[in-house]
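Report on one structure; see the data block that follows.
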There are 2 protein chains.
Amino acid sequence: MSVTEIVPNVSERHVSRAASVPFDAAKQADALTEAFTLIGAAVRFDRNTEIFGEAEPAEYFYQVVSGAVRMYKLLSDGRRQIGAFHLPGDVFGLEAGQTHRFGAEAIATSVIRVARRSAIIALAARDHDLANELWTRTADRLQLAQDHMLLLGRKNAEERVASFLLQMADRAAAERTLDLPMSRQDIADYLGLTIETVSRTLTQLEGKAAIELPSSRRVRLCNRAALQRLNA
Amino acid sequence: MSVTEIVPNVSERHVSRAASVPFDAAKQADALTEAFTLIGAAVRFDRNTEIFGEAEPAEYFYQVVSGAVRMYKLLSDGRRQIGAFHLPGDVFGLEAGQTHRFGAEAIATSVIRVARRSAIIALAARDHDLANELWTRTADRLQLAQDHMLLLGRKNAEERVASFLLQMADRAAAERTLDLPMSRQDIADYLGLTIETVSRTLTQLEGKAAIELPSSRRVRLCNRAALQRLNA
DNA sequence: CGACGACTTGACGTGTTTCAAACGAGGTGG
DNA sequence: CCACCTCGTTTGAAACACGTCAAGTCGTCG
């Protein structure tokens with residue numbers, strides 16, 4: 001199940017086999033992606049396998065090549081909060097401390113590029129662009145986390161689901177139809193709701209003709225303006 | 001009301017007049033605090049005055065010398081989420097982008113050291129320790145934001161209030177008695193609750209003998225273990 | 001003393017959760 | 001090819017935690 005095979009660099013086999021929209025590193029010539037291409041190894045993770053655990057020592061940085069990843073935190077009694085979903089191109093595991101404070105799991109079969117922290121940090125000591133980008137990417141994550149706090153603290157179920165759909169549509173660069181890689185439970189734990197409430201809210205949005213649900217994982221955004229109105 | 005007077009460096013007058021536990025920069029010889037002492041100016045902000053607004057251009061970095069600061073985000077209809085409270089020693093306004101994504105206001109009369117972003121960033125280009133600390137401090141804020149997301153998404157009112165009290169006690173280095181600088185409304189907007197629920201939950205914790213409330217802004221933590229049990 | 005703002009308390013309403021059951025798509029085996 | 005199982009999802013009914021609305025109290029300041 002947890003087949004995690006390491007290859008020295010992205011092999012054709014993995015990339016071609018990987019699901020939907022593989023991330024093309026060459027197109028986005030930022031310093032960090034360059035560093036990943038240079039010293040990173042591609043690793044394949046099957047659906048629902050752990051990439052790293054909460055409180056595990058943080059030895060690597062990660063970049064999604066294809067697939068999708070969820071970052072989560074657990075309470076002692078099993079309640080789970082998903083802090084972020086990572087899609088192709090995203091870098092994660094960027095904590096500055098010695099241990100991960102979130103766990104990471106593959107939502108779908110994913111190819112992840114992995115690079116030793118120490119190697120990246122050593123590079124950054126000589127390359128200001130890279131150092132700057134480590135900071136920038138961390139600050140970007142912080143902004144997303146802050147937007148997420150507003151959603152969790154102050155929005156109702158309908159607003160949360162609408163925000164989520166718009167956010168996913170933006171990131172997937174999907175004009176109208178959206179294929180969600182994650183389950184209702186994942187969405188619920190991201191939005192701080194139960195799966196029942198997420199499901200009900202989606203059918204409710206369908207009732208308002210804001211969306212259509214051709215299948216449970218597929219969403220058509222029919223009325224973006226209506227969703228936008230709920231966004232804030 | 002919004003008396004914001006700039007002085008070339010921390011004047012005796014301001015520091016001595018400032019409320020409780022002024023932050024002594026000399027004791028914590030980190031690169032960023034050093035930079036602030038070197039090129040920062042101390043500014044005084046009265047209670048409830050704006051330090052910067054949401055979406056304002058981010059021209060400065062800030063460090064609390066004395067007092068307390070709230071960071072907030074507003075929804076169009078006025079709902080407010082407080083993302084963080086800053087106490088003496090804390091650095092804020094560390095976004096990497098060109099604009100602030102949170103507003104900042106003084107909760108109590110505060111002295112804030114202010115330094116131009118461009119100056120700090122120029123220093124960081126030559127000083128790896130400083131560059132590293134910019135990243136580290138941003139990553140620390142990210143961790144706090146992530147813990148906050150867990151609280152907002154998955155904890156009930158009692159757990160939220162308990163977490164808040166423990167967190168404040170840790171930061172104020174207060175053994176037992178805690179003087180809160182913020183109002184119930186601030187606490188409510190930090191915890192994603194209403195002031196009524198915060199108030200009720202505090203009296204409920206008092207009923208359980210976990211805390212005492214000698215006055216509304218003063219809390220004695222009588223049974224830390226009981227609070228800790230609610231913390232996760 | 002009177003007025004104001006911050007906080008507390010009470011009664012009631014409601015959005016979300018909880019518990020439970022039914023549904024539907026995908027896969028396996030007969 | 002269809003019966004059957006499984007797992008994710010949807011739907012329903014009831015319970016409950018928190019929000020809302022409305023008084024009432026407390027402390028502070030003029």
Side-chain angles (χ1 to χ4, degrees), chain A residues 1 47-48 70 75 77-82 107-108 151-165 178-208 211-219 230, chain B residues 1 46-48 68 70 75 77-81 107-109 151-165 178-208 211-219 230:
Chain A
M1 15 202 72
R47 194 170 109 87
N48 290 331
R70 59 174 171 254
L75 247 26
D77 62 354
R79 282 173 287 179
R80 182 180 72 158
Q81 177 66 42
I82 289 182
I107 288 174
L151 179 148
L152 293 172
R154 287 293 174 227
K155 293 189 182 175
N156 63 29
E158 198 179 25
E159 294 169 324
R160 292 186 201 198
V161 172
S163 301
F164 170 73
L165 291 175
L178 190 54
D179 265 297
L180 301 173
M182 69 287 286
S183 70
R184 291 285 185 272
Q185 186 64 63
D186 287 336
I187 298 173
D189 287 349
Y190 180 76
L191 297 178
L193 301 168
T194 58
I195 65 173
E196 293 95 329
T197 300
V198 170
S199 182
R200 275 188 257 268
T201 306
L202 283 169
T203 57
Q204 178 186 323
L205 287 174
E206 194 175 26
K208 289 186 178 184
I211 62 170
E212 275 171 34
L213 293 161
S215 78
S216 74
R217 298 284 183 110
R218 176 164 299 205
V219 187
L230 290 169
Chain B
M1 14 202 73
D46 282 341
R47 196 169 109 86
N48 289 331
R70 59 173 171 255
L75 247 26
D77 63 354
R79 281 173 288 178
R80 183 179 71 160
Q81 177 65 43
I107 288 174
T109 302
L151 179 148
L152 292 172
R154 287 294 173 226
K155 293 189 182 177
N156 63 29
E158 197 178 27
E159 293 168 324
R160 293 185 200 198
V161 172
S163 301
F164 169 73
L165 291 175
L178 190 54
D179 265 298
L180 301 173
M182 69 288 286
S183 70
R184 291 285 186 271
Q185 186 63 62
D186 288 335
I187 298 173
D189 287 348
Y190 180 77
L191 298 179
L193 301 169
T194 59
I195 60 176
E196 293 95 330
T197 301
V198 171
S199 183
R200 274 188 258 268
T201 306
L202 283 168
T203 57
Q204 178 186 323
L205 288 175
E206 194 175 27
K208 290 185 176 183
I211 62 171
E212 276 171 33
L213 292 160
S215 78
S216 75
R217 300 282 183 111
R218 176 164 299 205
V219 187
L230 290 168

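Chain identifiers are assigned alphabetically (A, B, ...) following the order of the sequence lines, protein sequences preceding nucleic acid strands; residue numbering begins at 1 within each chain.
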Nearest-Å distance for atom pair CG/P, residues B:L202 and D:dC18: 14 Å
Whole angstrom is fine here: how far is it from CG in B:L213 over to P in C:dA6? 18 Å
State, to 0.1 Å, how close B:R154 and A:R79 come at their nearest heavy-atom pair, and which atoms those are. O-NH1, 2.9 Å
Just to be sure I understand the rule, does A:R217 reach a base, reach only the sugar-phosphate, or reach nothing, if contact means heavy atoms closer than 4.0 Å? sugar-phosphate
Roughly, in whole Å, what's the span from CD in A:Q185 to P in D:dT10? 13 Å
If you compare all heavy atoms of B:A188 against all heavy atoms of B:T194, which two are closest, and at what distance to 0.1 Å? CB-C, 3.5 Å
Output the rounded distance in Å from CD1 (B:I187) to C1' (C:dT8). 14 Å
Just call it for A:S215: base, sugar-phosphate, or nothing, with non-hydrogen atoms closer than 4.0 Å on any strand. nothing
Between atom CZ in A:R184 and atom P in C:dC23, what is the gap in whole Å? 19 Å
Show each protein N/O and nucleotides 16-18 of chain C N/O combination with a separation under 3.5 Å, one pair to a line.
residue	atom	partner	partner atom	Å
C:dT16	OP1	A:A157	N	2.8
C:dT17	OP2	A:T194	N	3.4
C:dT17	OP2	A:T194	OG1	3.2
C:dT17	OP2	A:T197	OG1	2.5
C:dT18	O4	A:R200	NH2	2.7

Rounded distance (Å) that lies between atom P of C:dG15 and atom CG of A:L191: 19 Å
Separation of A:L205 atom CG from D:dT9 atom P, in whole Å? 17 Å
For the residue pair B:E158 and B:Q204, establish whether any side-chain heavy-atom pair is separated by less than 4.5 Å. yes
Over all heavy atoms of both residues, which pair between B:L152 and B:R160 is shortest? Give the atoms and the distance, please. O-NH2, 3.1 Å
In terms of heavy-atom contacts, B:Q185 and B:R80 come closest through O-NH2, 3.8 Å
Taking 4.0 Å as the cut-off, does a side-chain nitrogen or oxygen of A:T203 come that near to OP1 or OP2 on D:dT11? yes
Side chain of B:R47 only, please: which of C:dA6, C:dT8, D:dT10 is the nearest? C:dA6
Write down the atom of B:L180, the atom of B:V219, and the distance for their closest heavy-atom approach. CD1-CG2, 3.9 Å
Has A:R217 got more than 12 heavy atoms of other residues, nucleotides or ligands less than 6.0 Å from its CZ? yes
Expressed in angstrom and rounded to an integer, what is the separation of B:N48 atom CG from C:dG5 atom P? 13 Å
